[in-house]
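Because only heavy atoms are used, hydrogens play no part in the values below, and waters and symmetry mates are left out as well, while side chains stay in.
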Amino acid sequence: MVELGSTSSPPRPVTVNGADEDAALAKSRFLTRKEVLQRRLRRVRQLTRCYRTHYWALMEELRSKYRNYSWTYGKSPFKEDHNNEGDNNNPNGVVTGVGGGDDIVRCRFSGCKTKAMAMTIYCHAHILSDSKQKLYQGCKAVAKNLPAGPSFCNKPVLKSVVPAACPTHLQFGERCLARALRRAGLGNAIPNNRKPTVKFHLVVSEFVHQIQKKRKLALKETALKVETE
């Protein structure tokens, strides 16, 4: 077992707490229930401390990398945009920072002068223009209802976000849900901390109702197709 006290220091071996006692009981054929539980509890507690130390070491490393990422690809106070306007016509989209710093890649989207994200040539607002990216998808919220069909927001959001909505439409959906719950007589079911307080049996009942409704619609469509044939 190895404990990581920090990301810079090399890992050092950790001795198991109560190793002398375990060595004394190693030759025993049977152990009492109390002895087994005490040994497991002692090892779990030590393992928890190792995991906690490792977790905070990773958090410090994450903060450091996020700081470097923001400094490189964000708005640095030592890199003025107006000094680099003449270089924005570079066909490769590469702009050299003031003072001979690292090269900055500008967004390839037409008319956009924002710095590109790491490992890509587009900024966050235009990341969906990159056909090779696999992390982002467009917001699925309907922005306008046009005669030709609904127009979606399509702002970039991570694919892991459920529902696939940008922060603006997510808050709007929560407000609509809160109004619907108040109309149903459930009161303020979504407080400021955004943790729903609706009783579990009400949620299950609503889900069952929705599933039954979808099944009935599917059966009707199947029956209509059979009659038509």
* **Side-chain ion pair, Glu61 and Lys65, N-O less than 4.0 Å** => yes
* Apart from Leu41 itself, which Ile, Leu, Val, Met, Phe, Trp or Tyr residues share its cluster (side-chain heavy atoms under 4.5 Å, direct or through members)? -> none
Quick one: pull up [atom1] in [X] and [atom2] in [Y] and give me the separation to the nearest 0.5 Å.
X: Leu62; Y: Tyr55; atom1: CG; atom2: OH; answer: 9.0 Å
X: Arg108; Y: Thr120; atom1: CZ; atom2: OG1; answer: 9.5 Å
X: His169; Y: Cys139; atom1: NE2; atom2: SG; answer: 5.5 Å
X: Asp130; Y: Cys107; atom1: CG; atom2: SG; answer: 10.0 Å

Compare every heavy atom of [Y] with every heavy atom of [X], then report the nearest pair and how far apart it is.
X: Val157; Y: Cys166; answer: CG1-CA, 3.6 Å
X: Lys159; Y: Gln137; answer: CA-NE2, 3.6 Å
X: Leu31; Y: Arg39; answer: CD1-NH2, 3.7 Å
X: Pro150; Y: Asn145; answer: CB-OD1, 4.0 Å
X: His124; Y: Pro156; answer: O-CG, 3.0 Å
X: Tyr122; Y: Ser129; answer: CE2-CB, 3.6 Å

When hydrophobic residues are tied together by side-chain contacts of less than 4.5 Å, even through go-betweens, does [X] share a cluster with [Y]?
X: Leu128; Y: Met117; result: yes
X: Tyr136; Y: Val161; result: yes
X: Ile127; Y: Leu135; result: yes

* Any sub-3.5 Å donor-acceptor pair from Glu35's side-chain atoms to Thr32's backbone N or O? -> yes
* Asked: Judged by atom type as modelled, is there a donor-acceptor pair below 3.5 Å linking the side chain of Arg106 to the main-chain atoms of Thr114?
  -> no
* Sequence neighbours left out, what passes salt bridge (Lys or Arg N to Asp or Glu O under 4.0 Å) with Arg63? Give chain and number order. => Glu60
* To do: Kindly write out the residues that satisfy salt bridge (Lys or Arg N to Asp or Glu O under 4.0 Å) with Lys213, not counting sequence neighbours, or none if the list is empty.
  => none
